Structures are given as C-alpha cells and as structure tokens.
Amino acid sequence: MEKEELQKKYIKRLNIIEGQIKGIKQMIVDERLCSDILIQIAAINKSTKSLGNQILKNYLSNNAITEIKKGNEEKIDEIIKLFERMNG
C-alpha cells in the first residue's frame, strides 16, 4: 500500500477514535450509566490497539526487516521493546 493511502487509512481510523472519545465525553455530561461508558472505553481500547498493530505491522514489513537483512541486529532489540510497550 502506498504511503499516502496508508496515511489516509490511519487518519480515518484516528477520526473514528476521536469520535468515540467525544461520544464518551457526552455520555458523562448526560450522566449515562457507568456500564455503558465502560463498554465504550473498551471499544476505544480495542480500536487503538488495532491501529497500533497495523502501524507496527507496516513498520516491520517496510523498515525493520530491511534493516535486519542489512545486518542491523540492533533492530531486533528495538522490535522487542516495541512489542513490550504495545502489550505492557
């Protein structure tokens, strides 16, 4: 996928997440049930994790693998740290 296409895809996903956050703000103002708010927070967590995974996948396939093939083994440590942050 081309860089511009990828950026548009990421921005679209971020706009959706932004809308979800605004929705939660409104739910709090409207004094909606905590359970409803928590369900929306879980949806946002899932959305951001999914976006992060897509960005990580793109990074691995377009940058990290190339660097490792060139002999830059430091990239392996960087990748491990990224996985730890994503899942920690």
Side-chain angles (χ1 to χ4, degrees):
M1 187 175 295
E2 288 186 32
K3 184 178 178 180
E4 290 179 11
E5 273 184 70
L6 207 50
Q7 285 179 338
K8 285 180 184 179
K9 184 177 177 181
Y10 293 160
I11 296 299
K12 182 178 179 181
R13 296 286 302 273
L14 286 167
N15 287 337
I16 291 168
I17 293 166
E18 183 179 22
Q20 289 174 307
I21 291 171
K22 287 179 180 179
I24 289 175
K25 285 181 184 178
Q26 190 60 49
M27 290 173 78
I28 291 170
V29 169
D30 295 343
E31 298 181 1
R32 297 276 303 269
L33 294 173
C34 289
S35 58
D36 292 340
I37 294 169
L38 291 170
I39 289 168
Q40 291 305 310
I41 289 172
I44 290 170
N45 286 338
K46 185 176 179 181
S47 294
T48 56
K49 186 167 184 139
S50 174
L51 176 60
N53 286 335
Q54 286 182 358
I55 292 171
L56 179 61
K57 180 180 176 182
N58 182 60
Y59 169 72
L60 291 173
S61 62
N62 292 319
N63 179 290
I65 301 299
T66 303
E67 288 297 314
I68 291 169
K69 286 180 180 178
K70 288 180 183 177
N72 183 356
E73 293 184 17
E74 293 170 1
K75 277 291 178 190
I76 295 170
D77 291 333
E78 181 183 327
I79 293 166
I80 290 169
K81 287 177 185 173
L82 284 172
F83 275 105
E84 289 171 348
R85 285 185 177 175
M86 295 280 301
N87 296 309

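What you see is a predicted model, and the numbers here were worked out from it, not measured in a lab.
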Using a 3.5 Å cut-off and no angle test, enumerate the donor-acceptor pairs between side-chain atoms of residues 15-25 and protein atoms at least two apart in sequence or in another chain.
residue: Asn15; atom: ND2; partner: Ile11; partner atom: O; Å: 3.4
residue: Gln20; atom: OE1; partner: Ser47; partner atom: OG; Å: 3.4

Discussion item. Would Val29 and Gln26 count as a side chain to side chain contact (heavy atoms under 4.5 Å, CB included) here? Give the steps.
Written reply: CA-CA 5 Å; Val29 169; Gln26 190 60 49; 3.9 Å; yes
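- Scored by the salt bridge (charged side-chain N to carboxylate O under 4.0 Å, His left out) test, Arg32 finds Asp36 as partners (sequence neighbours excluded).
- The distance from the CG atom of Asn62 to the NZ atom of Lys57 is 10.5 Å, given to the nearest 0.5 Å.
- A 6.0 Å sphere centred on CD of Glu2 holds no more than 12 heavy atoms belonging to other residues, nucleotides or ligands.
- How far CG of Leu60 is from CD1 of Ile68: 8.0 Å, rounded to the nearest 0.5 Å.
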Kindly list each side-chain donor-acceptor pair under 3.5 angstrom involving residues 77-84, sequence neighbours excluded, with atom names and distances?
residue: Glu78; atom: OE1; partner: Lys75; partner atom: NZ; Å: 3.2
residue: Glu78; atom: OE2; partner: Tyr59; partner atom: OH; Å: 2.4

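- Nearest heavy atom pair, residue Lys49 against residue Met86, reads NZ-O, 4.2 Å.
- Smallest separation of non-hydrogen atoms from Ile37 and Met27: N-CE, 3.7 Å.
- Annotation: the span from Arg85 atom CZ to Leu56 atom CG amounts to 12.5 Å, rounded to 0.5 Å.
- Put simply, CD1 on Ile55 and OG on Ser50 are 10.0 Å apart, with the number rounded to the nearest 0.5 Å.
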